[in-house]
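One structure below.
Computed from a prediction, not measured in an experiment: that's the story for all the values here. Per chain, numbering begins at 1; letters A, B, ... match sequence-line order.
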Protein chains: 2
Amino acid sequence: MGTPFEDMAEIDRLVHEPSRLAITSALLSCESADFLFLQRITGLSKGNLSSHLSKLERGGIVTVTKSTGGRPRTTISLTPAGRGTVAEHWDRLTRLRDAAREWTAPEE
Amino acid sequence: MGTPFEDMAEIDRLVHEPSRLAITSALLSCESADFLFLQRITGLSKGNLSSHLSKLERGGIVTVTKSTGGRPRTTISLTPAGRGTVAEHWDRLTRLRDAAREWTAPEE
DNA sequence: TCCTTCTGGTTTGCAATACAAACCTGGATG
DNA sequence: CATCCAGGTTTGTATTGCAAACCAGAAGGA
């Protein structure tokens with residue numbers, strides 16, 4: 001029905017945005033990670049990482065838990081739904097790429 | 001030497017942005033296309049399409065030529081460099097996905 | 001001829017980002 | 001006990017992405 005290009009244009013920016021794609025893909029490989037570890041492997045600044053995490057949390061993709069007591073420490077992990085969303089996003093990109101390659105203009 | 005996640009975070013937004021990914025991928029399948037045809041297959045609004053095209057033109061990804069004389073008509077195509085950039089972008093996404101899958105945390 | 005409508009786009013206005021830099025806050029350390 | 005620093009959060013600002021208003025020229029009718 002729609003072209004693959006229409007589907008591309010509707011890609012969800014929450015996960016697609018480069019910094020967040022990095023964060024969520026890292027978490028997919030890691031089960032869970034703390035703030036500084038995530039910062040190191042993504043190369044993001046603290047502020048930037050913090051705001052992206054808030055956005056992902058509001059979107060239900062990750063959970064952020066702060067350990068109280070002792071040295072403060074923040075642990076981040078994907079929610080089950082988030083894990084699905086991220087995996088599906090990558091699959092979708094692959095499918096769209098293939099669909100675009102095979103697509104040819106409809107004759108009028 | 002960096003992690004795949006650092007590389008993801010540095011993805012070029014000019015081509016990566018969903019609407020522009022749709023436009024440029026469509027052009028990759030089409031050689032060249034006129035404005036209205038692009039609008040139909042991407043589902044974008046006129047204004048939106050127009051501004052994305054300007055941005056792609058400034059970035060050297062596409063050329064936009066307006067036929068003067070007769071019915072006004074705008075034809076868009078990828079520059080040679082743009083064609084390379086778009087194809088490379090998709091390859092890069094695929095490579096990053098694979099690299100992320102195989103990545104494991106370095107032990108300290 | 002003049003008006004009006006349609007095709008084919010561009011410009012404008014505004015809300016939402018993305019990033020960086022300034023700012024907090026509670027433990028560790030001399 | 002003062003000061004340092006790890007570990008984040010908030011603030012400020014320039015850039016976006018989008019939609020709606022706008023514009024220009026060709027086609028068609030009275």
>> Quick one, Arg13(B) with Glu17(A), criterion salt bridge (Lys or Arg N to Asp or Glu O under 4.0 Å). Give me CA distance, side-chain angles, the key distance, then yes/no.
In response: CA-CA 8 Å; Arg13(B) 290 182 169 64; Glu17(A) 196 279 327; 2.3 Å; yes

>> Please report the distance, rounded to the nearest Å, between CG in Leu14(A) and P in dA16(C).
In response: 15 Å

>> Does His89(A) form a side chain to side chain contact (heavy atoms under 4.5 Å, CB included) with Leu93(A)? I'd like the steps, not just the answer.
In response: CA-CA 6 Å; His89(A) 181 73; Leu93(A) 285 180; 3.8 Å; yes

> Of all the nucleotides listed (dA18(C), dA6(D), dG9(C)), which has the minimum atom distance to the side chain of Arg20(A)?
Replying inline: dA18(C)

> Are Asp12(B) and Arg92(B) within salt-bridge range, i.e. N to O under 4.0 Å?
Replying inline: no

> Taking CZ from Arg73(B) and C1' from dA24(D), how many angstroms apart are they, rounded to a whole number?
Replying inline: 18 Å

>> From CZ of Phe37(A) over to P of dA6(D), roughly how many Å is that when rounded to an integer?
In response: 19 Å

>> For Thr63(A), run the side chain to side chain contact (heavy atoms under 4.5 Å, CB included) check against Ile76(A), Thr79(A), Leu78(A) and tell me which one passes.
In response: Thr79(A)

>> Measure NE2/His16(B) against P/dT17(C) and give the value in whole Å, please.
In response: 16 Å

>> What is the distance, to the nearest angstrom, from the NZ atom on Lys66(A) to the P atom on dT25(C)?
In response: 15 Å

>> Rounded to whole Å, how long is the line connecting atom CZ of Arg40(B) with atom P of dG8(C)?
In response: 10 Å

> Does the side chain of Arg97(B) come under 3.5 Å of the side chain of Thr94(A) through a donor N or O and an acceptor N or O?
Replying inline: yes

>> What is the separation between atom CG on Leu49(A) and atom P on dA6(D), rounded to the nearest whole Å?
In response: 17 Å

> Would you say dG8(C) has OP1 or OP2 under 4.0 Å from some side-chain N or O of Thr74(B)?
Replying inline: no

> Tell me: NZ of Lys55(B) to P of dT17(C), nearest whole Å?
Replying inline: 15 Å

> Side chain of Phe35(A): nearest nucleotide among dT9(D), dT10(C), dT16(D)?
Replying inline: dT9(D)

> Relative to each other, are the rings of Trp103(A) and Phe5(A) parallel, tilted or perpendicular (30° and 60° limits)?
Replying inline: perpendicular

Protein N or O to nucleotides 18-20 of chain D N or O, pairs below 3.5 Å:
{"from": "dC18(D)", "atom 1": "OP1", "to": "Arg13(A)", "atom 2": "NH2", "distance (Å)": "2.7"}
{"from": "dC18(D)", "atom 1": "OP2", "to": "Ser19(B)", "atom 2": "OG", "distance (Å)": "3.2"}
{"from": "dC18(D)", "atom 1": "OP2", "to": "Asn48(B)", "atom 2": "OD1", "distance (Å)": "3.3"}
{"from": "dC18(D)", "atom 1": "OP2", "to": "His52(B)", "atom 2": "NE2", "distance (Å)": "2.9"}
{"from": "dC18(D)", "atom 1": "O5'", "to": "Asn48(B)", "atom 2": "ND2", "distance (Å)": "3.2"}

> Can you list the residues that meet the salt bridge (charged side-chain N to carboxylate O under 4.0 Å, His left out) rule with Glu88(B), with sequence neighbours excluded?
Replying inline: Arg95(B)

